[in-house]
Amino acid sequence: MRVTTSNSIMDCYFYCFQINYVGSVKMNSLKGLGQLLMWLLTIPSAYWGAKTATTELVKHRNMRLASLENRMNANDNAVQAVLHDSLYKQCTKVIYRGTVTISELDNIEHLFRGYSGVGGNGTGEALYNKVKNLKLIDDKELIEH
């Protein structure tokens with residue numbers, strides 16, 4: 001009969017089985033059985049420990065994603081506000097004058113595409129539509145006046 005220190009669950013199991021099969025229950029078999037039981041008891045705690053760690057990692061990832069989503073929404077709102085301000089200033093200037101140059105219209109169209117791309121509408125769209133209906137003049141005509 002062998003007397004060794006078991007290093008794995010399989011060693012513990014085979015050691016206990018060999019001693020019990022022979023029929024001589026000695027201190028070593030009880031020690032092997034105790035080691036087997038300790039291994040069996042640590043498996044669920046290791047599983048739940050890993051599961052808890054995984055759950056915590058998932059929670060952390062979800063919180064990080066929510067934080068990033070909030071920041072992206074804030075950035076979209078900021079971009080929309082800046083584009084609305086610029087669009088509003090450009091449109092009111094040309095509406096007040098009553099004419100729009102080709103370069104101004106091109107700039108306003110570019111601003112409006114970005115503005116509507118981030119979800120802007122309402123007053124920006126109304127101003128853009130008014131500008132499109134203004135008399136179109138060449139840039140040189142504006143300089144001559």
Side-chain angles (χ1 to χ4, degrees), residues 2-21 25 27-145:
R2 67 183 180 139
V3 177
T4 60
T5 304
S6 300
N7 292 327
S8 72
I9 191 165
M10 292 306 288
D11 289 342
C12 290
Y13 176 75
F14 288 126
Y15 184 61
C16 290
F17 180 78
Q18 286 175 350
I19 291 174
N20 288 334
Y21 181 73
V25 177
M27 188 66 162
N28 288 334
S29 68
L30 293 176
K31 182 179 176 187
L33 182 62
Q35 288 177 344
L36 176 64
L37 288 174
M38 288 303 293
W39 272 95
L40 292 175
L41 291 174
T42 59
I43 289 172
S45 65
Y47 168 77
W48 288 110
K51 186 172 182 180
T52 301
T54 303
T55 303
E56 291 301 316
L57 287 173
V58 169
K59 283 181 186 177
H60 178 71
R61 184 203 65 205
N62 289 343
M63 287 174 37
R64 181 82 172 126
L65 286 174
S67 173
L68 289 173
E69 187 175 320
N70 288 340
R71 289 180 67 191
M72 285 176 52
N73 288 338
N75 284 337
D76 284 349
N77 290 338
V79 167
Q80 183 180 350
V82 169
L83 287 170
H84 181 271
D85 182 58
S86 184
L87 185 64
Y88 182 82
K89 286 177 183 175
Q90 292 292 319
C91 288
T92 53
K93 179 179 85 174
V94 298
I95 290 170
Y96 179 75
R97 189 175 64 226
T99 60
V100 61
T101 65
I102 296 169
S103 61
E104 287 171 331
L105 183 59
D106 183 52
N107 186 45
I108 289 170
E109 285 175 345
H110 186 70
L111 287 170
F112 181 73
R113 278 194 304 271
Y115 174 71
S116 62
V118 291
N121 56 19
T123 56
E125 187 173 2
L127 290 170
Y128 172 68
N129 289 329
K130 283 184 181 180
V131 169
K132 286 193 318 184
N133 293 327
L134 291 176
K135 179 183 174 190
L136 188 62
I137 61 172
D138 193 1
D139 290 328
K140 292 178 185 178
E141 291 180 47
L142 183 62
I143 295 172
E144 292 173 359
H145 285 108

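Checked by atom type and distance alone, the side chain of Asn107 never pairs as donor or acceptor with a backbone atom of Ser103 at under 3.5 Å.
Ring geometry for Phe112 against Tyr128 counts as parallel: the plane angle stays under 30°, on a 0 to 90° scale with 60° as the upper cut.
For the atom pair OG1 of Thr101 and CG of Leu136, the computed distance is 7.5 Å after rounding to the nearest 0.5 Å. Separating the CG atom in Asn70 from the CG atom in Leu65 is a distance of 11.0 Å, to the nearest 0.5 Å. Summarising the geometry, atom CG belonging to Leu111 is positioned 11.0 Å from atom OG belonging to Ser116; distances are rounded to the nearest 0.5 Å.
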For residues 85-93, please give each side-chain donor-acceptor pair under 3.5 Å, one per line with the distance, not counting sequence neighbours.
from, atom 1, to, atom 2, distance (Å)
Asp85, OD2, Lys89, NZ, 3.3
Thr92, OG1, Tyr88, O, 2.8
Thr92, OG1, Lys89, O, 3.1

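Among Leu105, Val100, Thr99, the one residue that satisfies the side chain to side chain contact (heavy atoms under 4.5 Å, CB included) test with Leu134 is Val100.
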Original post:
Could you walk me through whether His84 and Thr123 pass the side-chain contact (heavy atoms from CB on, under 4.5 Å) check?
Top reply: CA-CA 9 Å; His84 181 271; Thr123 56; 2.8 Å; yes
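Across every non-hydrogen atom of Glu104 and Val94, the tightest pair is OE1-CG1, 3.3 Å.
For residues 57-73, every residue pair satisfying the salt bridge (charged side-chain N to carboxylate O under 4.0 Å, His left out) rule, not counting sequence neighbours, is listed here: Glu56-Lys59.
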